[in-house]
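The structure appears right after this line, and notes come after that.
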Amino acid sequence: MDEGWWASVLADESTYATEHQETLIRSESLPELYLVDWKRVQEIYDRDEIVILEVNGFNRGGLLVKGDGLQGFVPVSHLVEIPGNIDEEERRRKLCEYVGHTLRLKVIECEPSLERIVLSERAALAGEGRRKQLFQSLKNGDVVQGIVTNVTDFGVFVDLGGVEGLIHVSELSWGRVQHPSDVLKVGHEVQTLVLQISEENSRVALSLKRLYANPWDDLAEKYKPGDVASAVVTSVMHYGVFARLNEGVEGLIHVSSMGNVSSAKELEKLFHCGQSVRVQILHIDVHRRRLGLGLVNQE
């Protein structure tokens, strides 16, 4: 994995963190800030300790907690008893019920320069010191089991039992992914491959697609221009339709190959995601990962 990949991940994470912090600041139930003992917080984080804090507020993204010289935020995805598929009103009701109660938590992010402390109830379930144990035992190439805790535009976060790993969107599938939520959902159990570990930054890069053979490797051996195959429509664009072969590779049926079809509105009337179609292989460019398809007239 090259440095460019990590740079992309870190840039995306930075954007997410900024948006997350802005949500926190905008909260109508944000309590007054009080003095944080950053040295104490850093010690708690370094020792992977569990702390008991009181919930003193919430916003749509999670809970605000404080106590013992510490004030921070617990994202909804790190709360054990709130499922990820509930609607906005029900989530707000459940978050409100936490106010005044205490939680066993672990610090999972401690960034004094950004005045941000993020905590996790889910991580605390693993027990104290689990993060250190995991980083000592994890190796590049390991296959690990985890639970999806959050799905963002740039990837999927997976709890490995005390450490959260990230499957970047580029590592979810050998095919094109419109959004990570199309592949995984919060609460899903998932098996992944460890790509890279950075204990210093508490980062674990994961891959889902590398558990499987790259279908591009032998696609040119399976298909030749002119062959006809079954496919499923995955998206409809103004310039054509993407369809996925049984092998998991997506190709483009360009609008120019569809005869009388000439507009996006016509395409939307004729095609929908999940629709089965017969296609003809027009060209295969394995090096550039491009597959050109033509639509076979269906009776």
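The first residue in the sequence is number 1, and the count goes up from there. Everything numeric here is computed off the predicted structure, so don't read it as measured data.
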State which residues pass side chain to side chain contact (heavy atoms under 4.5 Å, CB included) with Val249; sequence neighbours excluded, sorted by chain then number. Pro215, Trp216, Leu219, Leu291

Which residue pairs satisfy the side chain to side chain donor-acceptor pair (under 3.5 Å) criterion with at least one member in residues 184-195, sequence neighbours excluded? none

Who pairs with Asp46 by side chain to side chain contact (heavy atoms under 4.5 Å, CB included), at least two apart in sequence or on another chain? Gln42

Do Ile117 and Phe73 come within less than 4.5 Å of each other through their side chains, counting heavy atoms only? no

Is the shortest side-chain heavy-atom distance between Leu211 and Lys209 below 4.5 Å? no

Would you say Trp38's side chain and Glu111's backbone share a donor-acceptor pair under 3.5 angstrom? no

Pairs of donor and acceptor atoms involving the side chains of residues 223-234, under 3.5 Å and at least two apart or interchain, shall be tabulated with distances.
| residue | atom | partner | partner atom | Å |
| --- | --- | --- | --- | --- |
| Tyr223 | OH | Glu247 | OE1 | 3.0 |
| Tyr223 | OH | Glu247 | OE2 | 3.1 |
| Lys224 | NZ | Ala220 | O | 2.8 |
| Asp227 | OD2 | Lys224 | N | 2.8 |
| Ser230 | OG | Arg278 | NH1 | 2.9 |
| Thr234 | OG1 | Phe242 | O | 3.2 |
| Thr234 | OG1 | Glu250 | OE2 | 2.4 |

Would you say Val279 and Leu245 make side-chain contact, with heavy atoms under 4.5 Å? yes

Output every pair passing salt bridge (charged side-chain N to carboxylate O under 4.0 Å, His left out) with a member in residues 119-138, not counting sequence neighbours, ordered by first then second residue. Asp48-Arg131

Tell me, which pairs form a salt bridge (charged side-chain N to carboxylate O under 4.0 Å, His left out) where one or both residues lie in residues 134-150, sequence neighbours left out? Lys139-Asp142

Taking every heavy atom of Gly294 against every heavy atom of Ser257, the minimum-distance pair comes out as CA-OG, 4.4 Å

Taking all non-hydrogen atoms of both residues into account, name the closest pair between Asn150 and Ser77 and its distance. CB-OG, 3.8 Å

Can you list the steps and then say if Leu184 with Leu208 is a side-chain contact (heavy atoms from CB on, under 4.5 Å)? CA-CA 10 Å; Leu184 291 170; Leu208 181 61; 4.3 Å; yes

How about Asn56 and Val99: do any of their side-chain heavy atoms sit closer than 4.5 Å? no

Please step through side-chain contact (heavy atoms from CB on, under 4.5 Å) for the pair Val151 and His179, ending with a clear verdict. CA-CA 9 Å; Val151 179; His179 192 276; 4.3 Å; yes

Any side-chain heavy atom of Leu119 within less than 4.5 Å of one from Ile108? no

Answer yes or no: is there a side-chain heavy-atom contact under 4.5 Å between Leu125 and Val80? yes

Mind checking the CG-CG spacing from Leu103 to Leu53? Nearest 0.5 Å is all I need. 8.0 Å

